[in-house]
Amino acid sequence: SIRKSNPKLTIFSITHNVEETCLSDEIIVIDKGMIAYQGTPNNLYNNDELLVKYQLNKPFIYSLMSGLNENGFNIKESDSIEEVVNKICQ
């Protein structure tokens, strides 16, 4: 991956597509020209209050994680996407 081969590389991506943000190290949400949120995808997408306040949708993987936990899987908020996939495949 680009991140592994260039650990000091910084990429800025501006998007309205929440699915593209899942693998980001950090997300910045801008509301009315001001920084409304700055932090990790996990912290943002597991905070329903912020999602409602800024009218953001949860990416599919985060909805899937919630559904898996409701059905007995032990998915933690801190689990990476790769860890979630591994738990499903066990």
Side-chain angles (χ1 to χ4, degrees):
S1 78
I2 292 174
R3 183 183 308 164
K4 289 180 182 176
S5 63
N6 298 299
K8 294 183 178 185
L9 180 68
T10 299
I11 298 173
F12 286 93
S13 174
I14 300 170
T15 184
H16 288 212
N17 183 336
V18 295
E19 302 300 332
E20 291 179 11
T21 67
C22 292
L23 296 176
S24 299
D25 295 323
E26 184 174 11
I27 293 177
I28 298 173
V29 175
I30 306 292
D31 184 47
K32 299 176 186 160
M34 304 296 290
I35 295 176
Y37 170 84
Q38 184 173 359
T40 66
N42 277 345
N43 287 342
L44 176 62
Y45 296 126
N46 288 302
N47 186 326
D48 291 332
E49 183 179 317
L50 282 177
L51 295 176
V52 169
K53 182 176 182 179
Y54 297 111
Q55 301 175 356
L56 300 171
N57 294 318
K58 244 182 211 191
F60 173 76
I61 188 68
Y62 288 91
S63 296
L64 175 65
M65 289 166 62
S66 296
L68 289 170
N69 280 332
E70 290 171 7
N71 287 286
F73 285 84
N74 184 22
I75 308 296
K76 299 176 187 142
E77 288 182 8
S78 60
D79 285 347
S80 68
I81 293 171
E82 293 82 10
E83 290 169 321
V84 172
V85 170
N86 288 335
K87 287 180 179 184
I88 294 169
C89 293
Q90 290 180 350

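Note that the coordinates shown come from a computational prediction; the quantities given were computed from them, not determined experimentally.
In this structure, the separation between OH on Tyr37 and CG on Asn43 is 4.5 Å, given to the nearest 0.5 Å. Considering CD1 of Ile88 and CD of Glu83, their distance stands at 12.0 Å, rounded to 0.5 Å. Interatomic distance, OG of Ser24 versus CZ of Phe12, reported as 11.5 Å (0.5 Å rounding). Taking CG of Asp79 as the start and CE of Met65 as the end, the distance is 6.0 Å to the nearest 0.5 Å. Rounding to the nearest 0.5 Å gives a distance of 10.5 Å between CD of Glu20 and CG of Leu23.
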- request: Just do the side-chain contact (heavy atoms from CB on, under 4.5 Å) check on Leu44 and Thr21 with the steps written out, would you?
  value: CA-CA 11 Å; Leu44 176 62; Thr21 67; over 6 Å; no
- prompt: Given Leu64 and Ile61, is the side-chain contact (heavy atoms from CB on, under 4.5 Å) satisfied, shown in steps?
  reply: CA-CA 5 Å; Leu64 175 65; Ile61 188 68; 4.1 Å; yes
- request: Check step by step if side-chain contact (heavy atoms from CB on, under 4.5 Å) holds for Leu56 and Leu50.
  value: CA-CA 8 Å; Leu56 300 171; Leu50 282 177; over 6 Å; no
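A salt bridge is absent between Asp31 and Lys53: the closest approach of a Lys/Arg side-chain nitrogen to an acidic carboxylate oxygen does not fall below 4.0 angstrom.
With Lys87 contributing its side chain and Ile75 its backbone, the two residues share no donor-acceptor pair below 3.5 Å.
The shortest heavy-atom contact between Pro41 and Asp25 is CD-O, 4.0 Å. A pairwise comparison of heavy atoms in Pro59 and Glu19 identifies CA-OE2, 3.3 Å as the closest pair. Across all their heavy atoms, Ile30 and Ile35 have their closest contact at CD1-CG1, 3.9 Å.
Residues Asn42 and Tyr62 bring a donor and an acceptor atom of their side chains to less than 3.5 Å of each other. Using modelled atom types and a 3.5 Å distance limit, the side chains of Ser66 and Asn69 yield no donor-acceptor pair.
Between Thr40 and Glu26, every side-chain heavy-atom pair lies at or beyond the 4.5 Å cut-off.
Tyr45 and Ile28 sit in two unconnected hydrophobic clusters of ILVMFWY residues. Membership requires side-chain heavy atoms under 4.5 Å apart, directly or through other members.
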